[in-house]
Amino acid sequence: MDDLSQVLKARREKLEALRARGIEPFAYNYDPTHHAAGVVSAFEEAETAGELSEDGDGATVRLAGRVVAWRAHGKSIFAHLEDASGRLQLYFKKDVLGDARFADLELLDLGDWLGVEGPVFRTRMGEVTVRVRSWTLLAKSLRPLPFGKVETDPETGERRVHSGFTDTEARYRQRYADLAVHPEVRAVFRTRARVVAELRRFLDDEGFLEVETPALQPLYGGASARPFVTVHNALERTMFLRIADELYLKRLIVGGMDRVYEISKDFRNEGIDRFHNPEFTMLEWYQAFTDYEDQMDLVERMVTHVVERVTGADFLTFGDHEIRVTRPFRRIRLLDALSDALASDVRDMGEGELRRRAEDLSIPELAGAGRGKLIDKLFGELVEPTLVQPTFVLDYPRELSPLAKPRRDDAAGTTERFELYIAGVEMFNGFSELNDPLDQRERFEGQARLRAEGDDEAQQIDEDYIRALEYGMPPTGGVGMGVDRLVMLLTNQSSIRDVILFPVLRADE
RNA sequence: GACCCGGUAGCUCAGUUGGCAGAGCAACAGACUUUUAAUCUGUAGGUCCUGGGUUCGAUCCCCAGCCGGGUCACCA
């Protein structure tokens, strides 16, 4: 115990003192009648209706939360208690509580969980407050939370936090402390839950069936990415964590489940930055008898639905950008947009000229890039950052899209595929699904050749998937979407780590 | 993976051209029965990220490493 810092020691001493006074520092339950926000609204209603007592008291309430501010004045104390709904002021008076119970308050600290009961009133300064008649310690906090001091500007009502908890690393590693002292962080994750709920509601209403497919797979596929590899001991075989749901969901379409979706954790063994976490949440859906045009329409309806339901508006603020979320979204063809940017028709350019153009722009890592990859690199450099307003980019090169159908009227080697960009970030990716098993086998073989040449992100041949296609898959449109990125957009967070409760970090120690 | 920035009290940060380590908040003791960044008086609190090196002496300079952030690369 000698190695504890003085702040930790002080709290343990209080814990012993509480027990010595017969106070259990870790209660078993409590029965609150209200949340903080509900107390305020109920009091204000009673006030308006003239239902307060002669001395201005409203109803008696019970409230439970964490002590987040404490101002002792000798024989009276003001404090703030915060619960899931917000914070409320408490007023403790020695002549209300009695000498002994008032003295016991000395053993409380910021961060303690407390239940209080008493009538609600409005202080001289106008703040709705509980005059505490009795209190119950629910859980002693033995480690000080990094509370800042919250100042409210009396004129603007603006909140300023002093000496807050800003160490980014500590906030991610100790998310519990981050959440405990930052109501706005809790709000981000409430919004996240609503986004996911609205995505579900939208697809359910469209007649989709939610399904679950394996996260642990003998063969991975459906995207270009390196997997996490693990071992099943009893089966004595290598297994992979999924990088995408795609191939399993389309097997279900073959099986006659004509509208399916899955919200899943996917895992990609790649770098980490503000748009990438190694495990992330993906939504994928597949709808029989539709093509990518139908799916663009569905995506537009889905995005406007979610934005409207979550924010109540038809626009978003993301960083410096004001983003209008109104249908229809802009649509550009990839090769047209790139040709405009290069002031020359990409369809007429061979691999050599594309490479020269890329080199002119000092785009790195061009070694081994084929025509499709070069087009993609140039597009990423020249066009993507300009796609701030919602924009569908159409018709990707076949080399980049081994699971997409060829464009029906185009011999130039493009596929019926779109990506939806918002705020310069790829949010959705959909296509008319390739359902010709012979073509699919050729595409897989092409991927296998890339793999043999050292592309460790190329896909493997999935014979079972080809067998499924041979039984016959109806024309199908499918879409994948990064849920975390959509949440970033809707909560105006610049890092994916700020919308994932426990982002991947290096081991600490 | 490359480069840049950072790591000092529970939190937020100063600082030392290399010489006993500083502030505010939090803590502790005291005063104060309508305060709200409460106020006032006093006290205590440190592996200056880790390991080497240089030096009479390193938190500071050098080297290596760890962790984080940012930018880039990777990630269709």
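Everything numeric here is computed off the predicted structure, so don't read it as measured data. Naming: A, B, ... by sequence-line order, numbering from 1 per chain.
Heavy atoms of A/Phe121 sit under 4.0 angstrom from at least one base atom. The residue A/Glu127 sits close to a base: some heavy atom pair falls under 4.0 Å. Nucleic acid contact for A/Phe275: none, since no nucleic acid atom lies under 4.0 Å from a heavy atom of the residue. Counting non-hydrogen atoms under 4.0 angstrom, A/Asp167 reaches the backbone sugars and phosphates but no base.
Atom name C1', nucleotides B/G1 and B/U59: the rounded distance is 31 Å, in whole Å. Look at the P atom in both B/G15 and B/A2: the space between them is 31 Å, to the nearest Å. Across the C1' atoms, B/C62 and B/A73 are found 30 Å apart, a figure rounded to whole Å. Comparing the same atom, P, in B/U71 and in B/U54 gives a spacing of 40 Å after rounding to whole Å. Taking atom P in both B/G42 and B/A23, one finds a spacing of 13 Å when rounded to whole Å.
Nucleotide B/A26 forms a pair with no other nucleotide shown, judged by Watson-Crick or G-U wobble geometry with both contacts under 3.5 Å. Pairing for B/G46 is absent, with no Watson-Crick or G-U wobble pair whose two atom distances lie under 3.5 Å. The nucleotide B/C72 finds its pairing partner in B/G1, both defining distances of the Watson-Crick or G-U wobble pair being shorter than 3.5 Å. B/G18: no Watson-Crick or G-U partner with both key distances under 3.5 Å is found in any strand. Searching all strands for a Watson-Crick or G-U wobble partner of B/U35 with both distances below 3.5 Å returns nothing. Base-pair partner of B/A58: not found among the strands shown (Watson-Crick or G-U wobble, both distances under 3.5 Å).
Within the structure, side chain to side chain donor-acceptor pair (under 3.5 Å) pairs that include any residue of residues 426-435 of chain A comprise A/Lys250-A/Glu433, A/Lys405-A/Asn435, A/Glu416-A/Ser432, A/Arg417-A/Asn429 (at least two apart or interchain). Applying the ring-ring contact (aromatic ring centres under 6.0 Å, His included) definition to pairs two or more places apart or across chains, those involving residues 376-404 of chain A are A/Phe329-A/Phe392, A/Phe392-A/Phe418. Screening residues 378-402 of chain A for salt bridge (charged side-chain N to carboxylate O under 4.0 Å, His left out) gives A/Arg333-A/Asp395, A/Asp395-A/Arg407 as the qualifying pairs, with residues at least two apart or on separate chains. Among residues at least two apart or in separate chains, side chain to side chain donor-acceptor pair (under 3.5 Å) pairs with a member in residues 69-82 of chain A are A/Arg71-A/Gln89, A/His80-A/Glu127, A/Glu82-A/Arg87, A/Glu82-A/Arg186.
Mapping A/Arg417 and A/Ser494 onto RNA chain B by nearest heavy atom places A/Ser494 closer to the 5' end of the strand. When each of A/Arg122 and A/Gly271 is assigned the nucleotide of RNA chain B bearing its nearest heavy atom, the one mapping closer to the 5' terminus is A/Arg122.
Side chain of A/Arg330 to backbone of A/Gln389: no donor-acceptor contact under 3.5 angstrom is found.
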Quick test: give all pairs of protein nitrogen or oxygen and nucleotides 1-4 of chain B nitrogen or oxygen below 3.5 Å, distance rounded to 0.1 Å.
none

Check: protein-nucleotides 38-40 of chain B nitrogen or oxygen pairs below 3.5 Å:
| from | atom 1 | to | atom 2 | distance (Å) |
| --- | --- | --- | --- | --- |
| B/A38 | OP1 | A/Lys149 | NZ | 2.7 |
| B/A38 | N6 | A/Ala72 | O | 2.9 |

List, with names and distances, any nitrogen or oxygen atoms from the protein found under 3.5 Å away from nitrogen or oxygen atoms belonging to nucleotides 43-50 of chain B.
| from | atom 1 | to | atom 2 | distance (Å) |
| --- | --- | --- | --- | --- |
| B/A44 | O2' | A/Gln6 | OE1 | 3.4 |
| B/A44 | N3 | A/Gln6 | NE2 | 3.2 |

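As rounded to whole Å, 13 Å separates atom C1' of B/U33 from atom CG of A/Asp99. Atom C1' of nucleotide B/C28 and atom CG of A/Leu108 are separated by 16 Å, given to the nearest angstrom. The distance between atom CE of A/Met481 and atom P of B/A76, rounded to the nearest whole Å, is 18 Å. Distance A/Asp112 CG to B/A26 P: 16 Å, rounded to the nearest Å. The CG-P distance, from A/Leu374 to B/A76, rounds to 16 Å in whole Å. The distance from atom CD of A/Gln447 to atom P of B/A76 is 11 Å, rounded to the nearest whole Å. Remark: P of B/A27 and CZ of A/Arg12 are 18 Å apart, rounded to the nearest angstrom. For the pair A/Arg87 CZ and B/U35 C1', the interatomic distance rounds to 15 Å; values are reported in whole Å.
Taking 4.0 angstrom as the limit, A/Thr168 places none of its side-chain polar atoms (N or O) nearer than this to OP1 or OP2 of B/G68. The side chain of A/Arg274 places an N or O atom within less than 4.0 Å of a non-bridging phosphate oxygen (OP1 or OP2) of B/U71. OP1 or OP2 of B/G68 has at least one side-chain nitrogen or oxygen of A/Arg173 nearer than 4.0 Å. Residue A/Arg497 has a polar side-chain atom (N or O) positioned under 4.0 Å from OP1 or OP2 of B/G70.
The 12-atom threshold is exceeded at CG of A/Asp55, counting heavy atoms of other residues, nucleotides or ligands nearer than 6.0 Å.
Residues satisfying the ring-ring contact (aromatic ring centres under 6.0 Å, His included) test with A/Trp113, not counting sequence neighbours, are none. Under the salt bridge (Lys or Arg N to Asp or Glu O under 4.0 Å) criterion, A/Lys265 pairs with A/Glu279, sequence neighbours left out. Checked against salt bridge (Lys or Arg N to Asp or Glu O under 4.0 Å), A/Arg441 has the following partners two or more places apart in sequence or in another chain: A/Glu463. A/Glu47 is linked by a salt bridge (Lys or Arg N to Asp or Glu O under 4.0 Å) to A/Arg122, counting only residues two or more places apart in sequence or in another chain.
For the pair A/Glu13 and A/Lys9, the salt-bridge criterion is not met [side-chain N within less than 4.0 Å of a carboxylate O]. Look at A/Asp376 and A/Lys373 and you find no salt bridge, because none of the NZ, NE, NH1 or NH2 atoms lies under 4.0 Å from a carboxylate O.
If you check B/U34, B/U36, B/U12 against the side chain of A/Gln89, the one that comes closest is B/U36. Of the candidate nucleotides B/U35, B/A73, B/A37, B/A37 has the atom nearest to the side chain of A/Glu151. With distances taken from any side-chain atom of A/Ser76 to the nucleotides B/U33, B/C11, B/A73, the minimum falls on B/U33. For A/Phe165, whose side chain is taken as the heavy atoms from C-beta onward, the closest listed nucleotide among B/U12, B/C28, B/G10 is B/U12. For A/Asp109, the listed nucleotide lying nearest its side chain is B/C28; candidates were B/U33, B/U34, B/C28.
The base of B/A27 lies outside donor-acceptor range of the side chain of A/Arg11, with no N or O pair under 3.5 Å. For a distance-only test at 3.5 Å, the side chain of A/Thr166 fails to qualify as a donor-acceptor partner of the base of B/U12.
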Let me check something: any side-chain donor-acceptor pairs from residues 94-105 of chain A under 3.5 Å, sequence neighbours excluded? List them with distances.
| from | atom 1 | to | atom 2 | distance (Å) |
| --- | --- | --- | --- | --- |
| A/Arg101 | NH1 | A/Asp104 | OD2 | 3.2 |
| A/Arg101 | NH2 | A/Trp135 | O | 2.6 |
| A/Asp104 | OD1 | A/Arg21 | NH1 | 2.7 |

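Aromatic rings from A/Phe78 and A/Tyr91 are positioned such that their centres are separated by under 6.0 Å.
Taking the ring axis of A/Phe502 as reference, the NZ or CZ atom of A/Arg175 does not stay both within 45° of it and closer than 6.0 Å to the ring centre.
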